There are 2 protein chains.
Amino acid sequence: MRANESTGSASNAVVRDNSRDNSKGNPKPKPAAGERRLGDFLCFAIYSANLAFGRAYKKGLEELGLTYPQWIAIVALWEQDGQTVSELGEKMFLESNTLTPILKKLEQMGYLRRQRDPADERQVRISLTEAGRKLREKGMHMNLVAATGLKPDEFARLQQNVVTLRDNLIKATAEA
Amino acid sequence: MRANESTGSASNAVVRDNSRDNSKGNPKPKPAAGERRLGDFLCFAIYSANLAFGRAYKKGLEELGLTYPQWIAIVALWEQDGQTVSELGEKMFLESNTLTPILKKLEQMGYLRRQRDPADERQVRISLTEAGRKLREKGMHMNLVAATGLKPDEFARLQQNVVTLRDNLIKATAEA
DNA sequence: CCTTATTGGATCGTGTACGATATATTCGCG
DNA sequence: CGCGAATATATCGTACACGATCCAATAAGG
């Protein structure tokens, strides 16, 4: 076994502007100065945080027999029933090509119904079944606030910042 | 005939019992106590922000002929060459089952080499080729800071908060 | 040495994401 | 009314994520 790198430190973010310590590993020899490392990318922070959320939710969702996007769809439908696919897609930031398989799966599991709108047969309206609503209740207990290690006000502020970030990105992307 | 789809029985009219008829300007109808709406979930904010980042990067990455995870791998390898698959996985928060196909693709594209470590043939060491390093240079210009609509200090603080959140989640998940 | 356990990657199956495309339905306009 | 454009959803191909599992190479223990 090689001695030099069997337990490499996980990525240490080095934010240059307000260099906060977070020094827990040993610094590795850096190839160059002045270039951005992985830890400097906000997009990577979000990306990896999303993976981390997925893993944190996994256990609770397994008990429900759902995946993460499936669960989000249930929550979104519980808020308002009878949404069309594209309305749901707006909420979830997904399009029909992603949403349709998820919805078909959930329908097959008996948690929702998909039916063409008689007034406009192009549209499909989604409504939770009784089982679907029950599922939403059962998932109510899943609360990861503690796992985030954030105080309630930090939690709320961070969420608001991320939402703003997301909306700005979408706007900028649409304009470009 | 419609494409295929069996949207279930036709016997049920679309019932919109909790129809909150999203007319613009209405105050948000209050759900029962303790019930969180989609917008209240930090995990959903992160999830959708990640989607938004993917879309924002898409254009720039297309010019490089890379996907988002492929690009992250290039950046991570540029930081330190000769990493093993699992070391790279620690940085990217991915495991071999996800990483191996990505690395094989990048190898096939000529951006990196994968070779068994002679000292321990179980390990595979990854090193960027010249083309791979050039690619990293070419991608250097991709900068979405402006698109985030955040001031540099806000950007840095948000990133640090997300990193902390991620690490707390991982810790909490590992402990559970 | 020989056997067994562990480790590092790879493979497989399922489920998202998403661009490109297909198809059905409705709309607009002559 | 008829027909092309627009709309809403579905399908297809590619590429992640990830649990489960397989395999080769090494470590561990007699």
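Computed from a predicted model, the values in this text were never measured in an experiment. Within every chain, numbering begins at 1; the chains are lettered A, B, ... in the order of the sequence lines, protein sequences first and strands thereafter.
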Item to complete: Report yes if a side-chain nitrogen or oxygen of Arg114(A) is closer than 4.0 Å to either non-bridging phosphate oxygen (OP1 or OP2) of dA10(D); otherwise report no.
Response: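 Result: yes.
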
Discussion item. For a quick test of reading the model: is some side-chain N or O of Lys105(B) closer than 4.0 Å to OP1 or OP2 of dA15(D)?
Written reply: yes

Discussion item. Using the side-chain hydrogen bond (donor to acceptor under 3.5 Å, both in side chains) criterion, which residues pair with Gln159(A)? Sequence neighbours excluded.
Written reply: none

Discussion item. If the condition is side-chain hydrogen bond (donor to acceptor under 3.5 Å, both in side chains), which residues does Asp167(A) pass it with, not counting sequence neighbours?
Written reply: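 With sequence neighbours excluded, Asp167(A) shows a side-chain hydrogen bond (donor to acceptor under 3.5 Å, both in side chains) to no residue whatsoever.
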
Which pairs would a plain distance check flag for residues 93-108 of chain B, meaning a side-chain donor or acceptor within less than 3.5 Å of a matching protein atom at least two apart in sequence or in another chain?
unit_1    : atom_1 : unit_2    : atom_2 : d
Thr100(B) : OG1    : Ser96(B)  : O      : 2.9
Glu107(B) : OE1    : Arg114(B) : NH1    : 2.9
Glu107(B) : OE2    : Arg114(B) : N      : 3.4

Item to complete: Quick one: list whatever passes side-chain contact (heavy atoms from CB on, under 4.5 Å) with Gln115(B), sequence neighbours left out.
Response: Arg113(B), Ser127(B)

Item to complete: Using side-chain contact (heavy atoms from CB on, under 4.5 Å) as the criterion, list what pairs up with Asn168(B), not counting sequence neighbours.
Response: Thr164(B)

Fill in: Of Asp120(A) and Arg55(B), the one whose closest DNA chain C nucleotide lies more 5'
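The answer here is Arg55(B).
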
Practice prompt. Before giving the answer on side-chain hydrogen bond (donor to acceptor under 3.5 Å, both in side chains), spell out for Ser48(B) and Arg166(A) the whole-Å C-alpha distance, their side-chain angles and the decisive distance to 0.1 Å.
Written response: CA-CA 7 Å; Ser48(B) 50; Arg166(A) 175 196 70 199; 2.8 Å; yes

Discussion item. Show every ring pair (Phe, Tyr, Trp, His ring centres under 6.0 Å) that has at least one partner inside residues 56-75 of chain B, sequence neighbours left out.
Written reply: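 As it turns out, the ring pair (Phe, Tyr, Trp, His ring centres under 6.0 Å) pairs with a partner in residues 56-75 of chain B, which skip direct neighbours, are Tyr47(A)-Tyr68(B), Tyr57(B)-Tyr68(B).
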
Side-chain donor/acceptor pairs under 3.5 Å, residues 169-176 of chain B, sequence neighbours excluded:
unit_1    : atom_1 : unit_2    : atom_2 : d
Thr173(B) : OG1    : Leu169(B) : O      : 2.7

Fill in: Interface residues of residues 94-104 of chain B with DNA chain C (non-hydrogen, below 4.0 angstrom)
Ser96(B), Asn97(B), Thr100(B), Lys104(B)

Item to complete: Please work out which residues in residues 62-74 of chain A have a non-hydrogen atom less than 4.0 Å from an atom of DNA chain C and list them by number.
Response: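 Residues of residues 62-74 of chain A under 4.0 Å from DNA chain C: Thr67(A), Pro69(A), Gln70(A).
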
Fill in: Sequence neighbours excluded, every pair satisfying side chain to side chain donor-acceptor pair (under 3.5 Å) that has a member inside residues 129-151 of chain B
none

Fill in: Terminal helix-axis angle for the helix from dC1(C)-dG30(D) to dG30(C)-dC1(D), with five pairs defining each axis and rounding to 10 degrees
10°

